[in-house]
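All remarks here apply to the structure that follows.
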Amino acid sequence: MSRVKLTDVTKQYDDVTAVDNMNLDLNDGEFICLVGPSGCGKSTTLETIAGLTKPTSGEILIGDREVTNLPPKDRGIAMVFQNIALFPHMDVYDNISFGLRLRSFPQDEMDERVEEAARIVRMEGMLDRMPSEMSGGQRQRVAIARAIVRDPEVFLMDEPLANLDAKLRVNMRTELQRLHKQLDTTIIYVTHNQAEAMTMSDRIAVLNKGELQQIAPPLTCYNQPANRFVAGFIGSPSMNFFDATVGDDTLDANGYSISFDATAIDGVASGDAVDVGIRPEDLYLTTNSAEARDPSATFAVETDVLEPMGDEIFVYLKPILDPDDGGEAADFEERQGLLMSVDPATDIGEDEDVEIVFDRAQIHLFDDRTGDAISHGVVADANVEAVDDGVQAD
Ligand code: ADP
């Protein structure tokens, strides 16, 4: 196992900056996921660590060695890719031992290593199977065993589960975590799947457009996203966002005006435009407002589409504008609708008038221009809280 450090690593392809001044400092034995949308620079970052791509500038350390200009074979790494490239004419033993044979390992040591690796990936007793006789998951396990026998300091994995069906992906996710525990090796794992990143990693590095947005434990990215991009990318379904203006003691948006104390938060002042974020599970029907840590006043909304998921129901909500003027439900897209998640036993239908509260403790504020987080959670304005929480409050 080994520490991996990237200092100011940039990779430029003509007019595309695939990796933009990346700084990463990964601890010995850490499981790190590089996560982000397609094209954000995850694979290129991994390839610079592997030595498959030379960075335009910057420095890479593996362990205590600078490896920026070393070929892949001298870096102490092993890679597992999305496309499981097993040799079709070789059985499991020969596929796993291929690299060792190239390096002329003695037969008994090779046998020992192959058997140990096969045991770790639960393929023992299948060493004479051919790839055509194996499932996708088994083939991927052989590919992982082939990486294990090399006894690398660092495992680099690029979407290794992407070609597997959904159920197998979940199984393999657990197996990789078990493997990590057992080997105690640094693993750098590329995925565009935020659920995979959340469940497996010690820390997630979230990338966008070649730039590192945040590197932190999964729950920190979830609860304290560094910016609007991370807030929207981590979590499924995504966080709700809407534009708001900071009032003297309220946060004002189309249809909602939430009492809050701007003086309690550094970086906002009356008149500022902000992006407000709130997750679907932090909105509550008024009847369940006791579940919120700090419920706001009640707002009238109309339900749009319902999506029953089994363990929860997603409810699309349309705010009611100008409630004092008779009120009319806004279009979902046009007027900043909200997605709320409710318990499956909730008695709720489509096109119904309902009342909701926001959990003020879970309201995130982002800078309207830069997208940087200003606050995770807001507090009510002490002077007005008892009187009136918002324009629609009773
Ligand atoms: P990801 O793995 O996050 O999908 P990549 O690292 O593959 O993203 O790509 C990052 C960006 O760099 C993309 O815009 C991609 O088109 C570009 N890119 C990657 N490899 C090359 C290449 N060999 N030549 C030119 N552009 C490339």
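Every heavy atom of this structure was used, including side-chain atoms; hydrogens, water molecules and symmetry mates were not. We're numbering straight along the sequence, starting at 1. Bear in mind the structure is a predicted one, so any value in this text is a computation, not a measurement. We count ligands from 1, going down the list as the structure has it; atoms in each ligand are counted the same way.
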Please list, in number order, the atoms of ligand 1 under 4.0 Å from a heavy atom of Cys40.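 Going through ligand 1 atom by atom, the ones under 4.0 Å from Cys40 are 1 (P), 3 (O), 8 (O).
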With a cut-off of 4.0 Å, which atoms of ligand 1 are near a heavy atom of Pro37?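 Result: 3 (O).
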Member of Asn171, Ile144, Ile187 meeting the side-chain contact (heavy atoms from CB on, under 4.5 Å) criterion with Leu176: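 It is Ile144; the other options fail the test.
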Does Val16 approach ligand 1 within less than 4.0 angstrom via side chain, backbone, both or neither, non-hydrogen atoms only?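 Contact part for Val16 vs ligand 1: side chain (C-beta onward).
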Would you call [X]-[Y] a salt bridge at under 4.0 Å N-O?
X      : Y      : answer
Glu196 : Arg169 : yes
Arg119 : Glu124 : no
Asp28  : Arg3   : no

Judging by distance only, is a nitrogen or oxygen of Ala18 under 3.5 angstrom from one on ligand 1?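 No: no nitrogen or oxygen of Ala18 is under 3.5 Å from one in ligand 1.
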Does any N or O of ligand 1 fall below 3.5 Å from an N or O anywhere on Thr44, backbone included?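 Yes, at least one N or O pair falls under 3.5 Å.
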Test the [X]-[Y] pair against the cation-pi criterion, namely NZ or CZ under 6.0 angstrom from the six-membered ring centroid and within 45° of the ring axis.
X      : Y      : result
Lys11  : Tyr13  : yes
Arg146 : Phe98  : no
Arg279 : Tyr222 : yes

Please tell me if atom 19 (C) of ligand 1 is touched by the protein, where touching means a protein heavy-atom distance below 4.0 Å.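 Looking at atom 19 (C) of ligand 1, one finds that a protein heavy atom does lie closer than 4.0 Å.
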Sub-4.0 Å protein heavy atom near atom 1 (P) of ligand 1: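 At least one protein heavy atom is under 4.0 Å away.
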Can you confirm if the aromatic rings of Phe299 and Phe358 lie within a centre distance of less than 6.0 Å?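 When the ring centroids of Phe358 and Phe299 are compared, they turn out to be within the sub-6.0 Å range.
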Nearest-contact summary for [atom] - protein heavy atom, Å:
atom                    : answer
atom 7 (O) of ligand 1  : Ser43 CB, 3.8 Å
atom 4 (O) of ligand 1  : Gly39 N, 2.7 Å
atom 21 (C) of ligand 1 : Tyr13 CE1, 3.2 Å

Any heavy atom of Gly36 closer to ligand 1 than 4.0 angstrom?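 The answer is no, since Gly36 has no heavy atom less than 4.0 Å from ligand 1.
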